[in-house]
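The basis for the numbers below is simple: all heavy atoms, side chains too, and nothing from hydrogens, waters or symmetry mates. No experiment lies behind these values; they were computed from the predicted model shown. Protein chains get the first letters and strands the later ones, always in sequence-line order, with residue 1 at the start of each.
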Amino acid sequence: MAITTRPRGTNDILPAKIGIWHKIEDTIRRICHQFGYEEIRTPIFEHTELFERGIGEATDIVEKEMYTFTDRGQRSITLRPEGTAPVVRAFLENKLYGGTLPAKVYYVGPMFRYERPQAGRYRQFNQFGIEALGGADPALDVEMILIPIEVYKAVGLKDFEVQINSIGCPSCRTAYREALKDSLRENIHKFCPSCQSRFDKNPLRILDCKVKECIELTKDVPVLVDYLCTDCSEHFSKVKEYLDALNINYSLNNRLVRGFDYYTRTVFEIISVGLGSQNAVGGGGRYDGLIEEVGGQPHPAVGFAAGLERLVLALENQNMEVADQRTPDCYIAQFGGQTKTEAVKLAYELRQAGLWAEFDYMEKSLRAQMKAADKFGAKFVIVIGEEEIASNQVKVRSMVTGQEELVSLGDIKEYLIGHGGEKDGSMEANS
RNA sequence: GUGGGUAUAGCUCAGUUGGUUAGCGCGCCAGGUUGUGGCCCUGGAGGUCGCCGGUUCGAGUCCGGUUACUCACCCCA
């Protein structure tokens with residue numbers, strides 16, 4: 001394997017493309033804070049058993065998609081495939097249940113799943129997630145939908161839609177599962193092969209099948225919502241009531257089921273049209289049983305996660321370019337004798353003042369330095385030659401107007417700031 | 001894990017029925033201007049034609065394999 005080739009399913013995010021990531025990350029932090037969610041950072045890897053227990057032994061993730069290895073202490077370690085189980089672990093380990101509940105947290109970071117890459121799916125990908133642990137209020141379910149909507153709107157995502165469903169609690173879901181199987185049993189041989197294997201393993205997923213014939217065959221099948229117990233039904237009604245009161249557009253999708261075992265009651269997905277086959281930019285739901293499953297006292301909780309690569313893809317499909325608009329405040333051109341030393345000194349001085357100053361590292365001719373300054377989009381070029389050093393006056397050329405002025409070396413900082421230089425002052429603050 | 005498509009310079013691509021020194025455009029570097037950018041002109045650098053094997057006098061071109069990328073399935077963000 002060529003060492004200059006990155007591992008399959010991974011990506012380099014190059015400087016030319018980093019702008020959109022910064023915009024997304026900044027937006028996430030701002031909006032989460034407005035909703036009172038604070039950042040939590042958990043390890044990139046955890047004990048394998050956390051995911052086996054949390055996500056479910058029979059799920060695809062645990063069966064075939066985890067990056068698992070044995071460390072030098074013979075422990076089985078897994079690169080996190082999702083963010084909820086680690087947050088639940090941190091909630092228990094750090095006894096956050098002893099603080100104010102619900103604990104409202106968000107995270108941004110890489111996840112790992114061993115899958116065949118395709119559009120919008122990678123082996124290392126970034127997720128933004130939010131979790132509210134220790135709260136059963138339907139208003140929390142609604143916040144899980146509100147926050148991503150606000151984030152998507154703020155970064156400029158168009159054409160996305162929210163779908164919601166309730167899959168009930170273990171007791172009402174069990175009743176439904178049996179009713180569903182009863183209605184399918186007679187015709188199960190007509191379904192696609194994967195649906196036939198789902199029949200025993202996870203019959204609810206049959207509702208989610210994309211094969212035309214299967215969709216047709218499940219047209220008149222019982223609907224999960226009709227089987228919800230009183231508590232689950234009331235909870236779902238409240239969620240819808242709040243969404244309606246907030247004028248949030250959503251559609252009820254009674255075929256929406258999600259892949260992890262831990263979901264209960266509310267589940268939802270946010271779909272971006274025009275994303276290709278992997279069109280869910282985000283999804284989540286309530287997981288009232290997970291905290292107990294992982295070994296804590298029972299606490300209801302609800303969460304959401306969004307794939308950032310998919311969000312970037314969707315924004316790119318809208319032809320949104322987020323380039324870094326900043327350009328250097330000046331380019332210092334120099335030639336001959338001691339002028340390079342003067343350029344190095346002046347650049348440092350201007351940079352300490354919070355300005356962006358560039359100069360040549362490649363021993364270019366003056367002409368080539370001018371070309372470089374132009375390519376950078378520098379606002380001014382400062383020309384330092386032997387004459388300028390002798391007279392202590394340098395030429396400052398506006399790259400917009402082409403006008404040149406003589407400015408004494410000591411006044412350049414003020415000149416640039418007075419002519420639109422962007423002081424960010426970060427280095428000044430230290431002195 | 002299964003199936004389709006693709007692979008030629010930093011980038012986008014062309015390359016005829018197999019034919020001798022593999023090209024265009026953009027980008028990069030230099031010069032035209034020994035102290036001045038954009039436009040223009042001239043020149044230059046840069047290729048194991050993904051990799052391995054086969055057919056052939058001869059393969060970027062045909063065949064087989066392989067790897068990577070890509071799209072889709074399963075599943076998920």
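Atom CG of A:Asp12 is separated from atom C1' of B:C69 by 14 Å (rounded to the nearest Å). For the pair A:Leu14 CG and B:G10 P, the computed distance is 15 Å after rounding to whole Å. Protein atom CD of A:Gln369 is 16 Å distant from nucleotide atom C1' of B:G31, rounded to whole Å. Atom pair A:Tyr122:OH and B:U70:P shows a separation of 7 Å (rounding to whole Å applied). Between the CD atom of A:Glu82 and the P atom of B:C75 there is a distance of 18 Å, rounded to whole Å. The nearest whole Å value for the distance from the CH2 atom in A:Trp21 to the P atom in B:A77 is 16 Å. Atom CG of A:Leu256 and atom P of B:C75 are 14 Å apart (whole Å). Counting to the nearest Å, the C1' atom of B:U36 and the NZ atom of A:Lys364 are 15 Å from each other.
Residue A:Glu63 is classed as having no contact, given no heavy-atom separation below 4.0 Å to the nucleic acid. If you check every strand for non-hydrogen atoms under 4.0 Å, A:Gly120 touches a base. When heavy atoms are screened at a 4.0 angstrom cut-off, A:Glu269 is found touching no nucleic acid atom at all. Across all strands shown, A:Phe128 has no heavy atoms under 4.0 Å from either base or sugar-phosphate atoms. In this structure, A:Ala373 reaches neither bases nor backbone, as no heavy-atom distance under 4.0 Å exists between it and the strands shown. Using a 4.0 Å heavy-atom cutoff across all strands shown, A:Val381 reaches no nucleic acid atom at all. Across all strands shown, A:Glu309 has no heavy atoms under 4.0 Å from either base or sugar-phosphate atoms.
Pair assignment for B:A7: B:U67, on the basis of Watson-Crick or G-U wobble contacts that are both within less than 3.5 Å. Shown here, B:U61 forms no base pair; nothing in the strands shown gives a Watson-Crick or G-U wobble contact with both key distances under 3.5 Å. Nucleotide B:U36 is matched to nothing when pairs are restricted to Watson-Crick or G-U wobble geometry with both distances under 3.5 angstrom. Taking a pair to require two hydrogen-bonding distances under 3.5 Å in either a Watson-Crick or a G-U wobble arrangement, B:G46 remains unpaired. Judged by Watson-Crick or G-U wobble contacts below 3.5 Å, the nucleotide B:U2 has B:A72 as its partner. Partner assigned to B:C13 is B:G23, using Watson-Crick or G-U wobble distances below 3.5 angstrom.
Regarding contacts with the backbone of B:C73, a side-chain N or O of A:Ser277 is found under 4.0 angstrom from either OP1 or OP2. A close approach under 4.0 Å does not occur between any side-chain nitrogen or oxygen of A:Ser365 and OP1 or OP2 of B:A30. The side chain of A:Gln118 contributes no N or O atom lying less than 4.0 Å from OP1 or OP2 of B:U70. Phosphate proximity of B:C71 to A:Gln278: absent, as no side-chain N or O sits under 4.0 Å from OP1 or OP2.
For the C1' atoms, the distance from B:A14 to B:A7 is 15 Å, rounded to whole Å. Taking atom P in both B:U2 and B:G65, one finds a spacing of 15 Å when rounded to whole Å. As rounded to the nearest Å, B:C57 and B:G18 have C1' atoms that lie 12 Å from one another. Between B:C63 and B:A22, the distance separating the two P atoms is 23 Å to the nearest Å. If you take atom C1' in B:C11 and the same atom in B:G1, they sit 35 Å apart, rounded to whole Å. Of the P atoms belonging to B:U48 and B:C52, the separation is 12 Å, rounded to the nearest Å. For the C1' atoms, the distance linking B:U16 with B:C62 amounts to 15 Å, nearest Å. For B:U6 and B:A45, the P atoms lie 34 Å apart once the distance is rounded to whole Å.
Taking the six-membered ring for Trp and thresholds of 30 and 60 degrees, A:Tyr415 and A:His419 have nearly parallel ring planes, at less than 30 degrees apart.
Among B:A77, B:U36, B:C69, the nucleotide with an atom closest to any side-chain atom of A:Glu115 is B:A77. Distance from the side chain of A:Glu65 is smallest for B:C75 among the nucleotides B:A30, B:G35, B:C75.
For an aromatic pair to be called close, the ring centres must be under 6.0 Å apart, and A:Phe260 with A:Tyr262 satisfies this.
Between the side chains of A:Gln124 and A:Asn11, not a single donor N or O lies within less than 3.5 Å of an accepting N or O. Side chains of A:Glu293 and A:Tyr287: a donor-acceptor N/O pair is absent below 3.5 angstrom, by distance only.
Electrostatic pairing of A:Arg205 and A:Asp208 counts as a salt bridge here, judged by a charged N lying under 4.0 Å from a carboxylate O. For the pair A:Asp329 and A:Lys379, the salt-bridge criterion is met [side-chain N within less than 4.0 Å of a carboxylate O].
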Would you list the protein and nucleotides 37-42 of chain B atom pairs, both N or O, that sit under 3.5 Å from each other?
from: B:G37; atom 1: O2'; to: A:Asp374; atom 2: OD2; distance (Å): 3.2
from: B:G37; atom 1: N7; to: A:Arg397; atom 2: NH2; distance (Å): 2.9
from: B:G37; atom 1: O6; to: A:Arg397; atom 2: NH2; distance (Å): 3.1
from: B:G37; atom 1: N1; to: A:Met399; atom 2: O; distance (Å): 2.8
from: B:G37; atom 1: N2; to: A:Asp374; atom 2: OD1; distance (Å): 3.2
from: B:G37; atom 1: N2; to: A:Met399; atom 2: O; distance (Å): 2.5
from: B:G37; atom 1: N3; to: A:Asp374; atom 2: OD1; distance (Å): 3.3
from: B:G38; atom 1: O4'; to: A:Asp374; atom 2: OD2; distance (Å): 3.1

Kindly give the atom pairs (protein nitrogen or oxygen, nucleotide nitrogen or oxygen) under 3.5 Å for nucleotides 2-5 of chain B.
from: B:U2; atom 1: O4; to: A:Arg116; atom 2: NE; distance (Å): 3.4
from: B:U2; atom 1: O4; to: A:Arg116; atom 2: NH1; distance (Å): 3.1
from: B:U2; atom 1: O4; to: A:Arg116; atom 2: NH2; distance (Å): 3.3
from: B:G3; atom 1: O6; to: A:Arg116; atom 2: NH2; distance (Å): 3.0

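The number of heavy atoms from other shown groups lying within 6.0 Å of CG (A:Asn249) does not exceed 12. Applying the 6.0 Å contact sphere to NZ of A:Lys181 captures more than 12 heavy atoms from other residues, nucleotides or ligands. Annotation: A:Lys240, atom NZ; neighbour count of heavy atoms from other residues, nucleotides and ligands within 6.0 Å is above 12. Counting non-hydrogen atoms of neighbouring residues, nucleotides and ligands closer than 6.0 angstrom, the CD atom of A:Glu161 exceeds 12 such neighbours.
A donor-acceptor contact under 3.5 Å links the side chain of A:Glu388 to the base of B:G35. Evaluation of atom-type donor-acceptor distances gives a pair under 3.5 Å for the side chain of A:Arg113 against the base of B:A77. In this model, a side-chain donor or acceptor of A:Glu404 finds a partner on the base of B:U36 within 3.5 Å.
Of the options A:Met362, A:Glu358, A:Lys364, A:Glu363, a side chain to side chain contact (heavy atoms under 4.5 Å, CB included) to A:Gln369 is made by A:Lys364 and by none of the others.
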Apply salt bridge (Lys or Arg N to Asp or Glu O under 4.0 Å) to residues A:Glu269 and A:Arg258 and explain how you reach the verdict.
CA-CA 9 Å; A:Glu269 273 181 15; A:Arg258 294 181 53 79; 3.1 Å; yes
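Two residues, A:Arg258 and A:Pro7, neighbour RNA chain B, and the one matched to the more 5' nucleotide by heavy-atom proximity is A:Pro7.
Among residue pairs with one or both ends in residues 46-69 of chain A, those qualifying as ring pair (Phe, Tyr, Trp, His ring centres under 6.0 Å) are A:Tyr67-A:Tyr114; sequence neighbours excluded.
Here A:Phe335 does not count as stacked on B:G35, because the ring centres are not under 5.5 angstrom apart with planes under 30°.
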